[in-house]
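Excluded from the calculations below are hydrogen atoms, water molecules and symmetry mates; all remaining heavy atoms, backbone and side chain alike, are included.
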Amino acid sequence: MKKKATETYQFQVLEYVATVPVGKVTTYGQIAKDLFLPTPRLVGKILHSNPDNSKYPCHRVVFSDGKLAPAYAFGGAEVQRKKLLAEGVTFKKNRVDLNSCLF
DNA sequence: CAAGTGACAATAA
DNA sequence: TTTATTGCCACTT
């Protein structure tokens with residue numbers, strides 16, 4: 001696969017998400033911070049424009065509060081919660097325990 | 001080429 | 001604790 005010289009944040013974010021190990025979750029702000037994105041909104045846009053949501057574990061990306069995303073691709077926040085729980089992510093009531101699962 | 005849009009986050013009340 | 005509002009910039013059309 002050939003990469004264009006125009007390295008958009010898109011690819012970086014996708015790769016970052018792919019780097020997140022199972023049983024861990026990351027927040028949009030965390031990604032933005034690590035990838036030096038100007039704003040966390042871009043992460044959401046990028047993931048929304050994700051070329052292949054099945055290839056990248058976008059379900060491991062949650063809000064900074066530990067809340068799940070409104071879900072557009074993975075079938076719903078409830079489904080996402082169940083999926084993350086199956087991966088070993090600890091949940092706190094309605095939020096992800098970022099204290100232990102934040103990558 | 002230009003304008004609109006948005007899987008957010010931080011702050012305020 | 002919650003909801004509400006603002007700011008932010010690349011991606012999509």
Distance check needed: [N] [atom2] versus [X] [atom1], whole Å only.
{"X": "A:Leu47", "N": "C:dT12", "atom1": "CG", "atom2": "P", "value": "12 Å"}
{"X": "A:Asp65", "N": "B:dA10", "atom1": "CG", "atom2": "P", "value": "8 Å"}
{"X": "A:His48", "N": "B:dC8", "atom1": "NE2", "atom2": "P", "value": "10 Å"}
{"X": "A:Lys45", "N": "C:dT13", "atom1": "NZ", "atom2": "P", "value": "12 Å"}
{"X": "A:Lys92", "N": "C:dT1", "atom1": "NZ", "atom2": "C1'", "value": "14 Å"}
{"X": "A:Phe63", "N": "B:dC8", "atom1": "CZ", "atom2": "P", "value": "4 Å"}
{"X": "A:Gln10", "N": "B:dA7", "atom1": "CD", "atom2": "P", "value": "15 Å"}

Hphob cluster co-occupancy, A:Leu14 + A:Val20, side-chain heavy atoms under 4.5 angstrom | yes
Do A:Val25 and A:Leu47 sit in the same hydrophobic cluster, where Ile, Leu, Val, Met, Phe, Trp and Tyr count as joined when their side-chain heavy atoms come under 4.5 Å apart?
-> no
For DNA chain C, the residues among residues 27-42 of chain A that have a non-hydrogen atom under 4.0 Å from it =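 Within residues 27-42 of chain A, the residues near DNA chain C are A:Pro38, A:Thr39, A:Arg41, A:Leu42.
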5'-most by nearest nucleotide on DNA chain C - A:Lys67 or A:Ile46 |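 First, find each residue's nearest nucleotide; the 5'-ward one identifies A:Lys67.
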Residue A:Ala69, side-chain atoms from C-beta onward, closest of B:dA7, B:dA10, B:dG6 |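 My answer, after comparing the listed nucleotides, is B:dA7.
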Looking at A:Arg60, does any N or O in its side chain come under 4.0 Å of the phosphate oxygens OP1/OP2 on B:dA7?
->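 Checking A:Arg60 against B:dA7: no side-chain N or O falls below 4.0 Å of OP1 or OP2.
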Examine C:dT12: is either OP1 or OP2 under 4.0 Å from a nitrogen or oxygen in the side chain of A:Ser49? Give yes or no.
-> yes
Which distance, rounded to the nearest 0.5 Å, do you find between the CD of A:Gln12 and the CD1 of A:Ile46?
->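 Between atom CD of A:Gln12 and atom CD1 of A:Ile46 there are 8.5 Å.
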With rounding to the nearest 0.5 Å, note down the distance linking OG1 in A:Thr27 to CZ in A:Phe63.
->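 Atom-to-atom, A:Thr27:OG1 and A:Phe63:CZ are 10.5 Å apart.
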Given the rule in the side chain to side chain contact (heavy atoms under 4.5 Å, CB included) test, do A:Val62 and A:Leu98 qualify, once you have shown the distances and angles that lead to the verdict?
-> CA-CA 9 Å; A:Val62 298; A:Leu98 298 176; 4.0 Å; yes
Evaluate the criterion side chain to side chain contact (heavy atoms under 4.5 Å, CB included) for residue pair A:Gln30 and A:Phe103; output intermediate values, then yes/no.
-> CA-CA 9 Å; A:Gln30 186 62 45; A:Phe103 177 61; over 6 Å; no
Could you tell me which residues satisfy salt bridge (Lys or Arg N to Asp or Glu O under 4.0 Å) with A:Glu87, sequence neighbours excluded, listed by chain and number?
-> A:Arg60
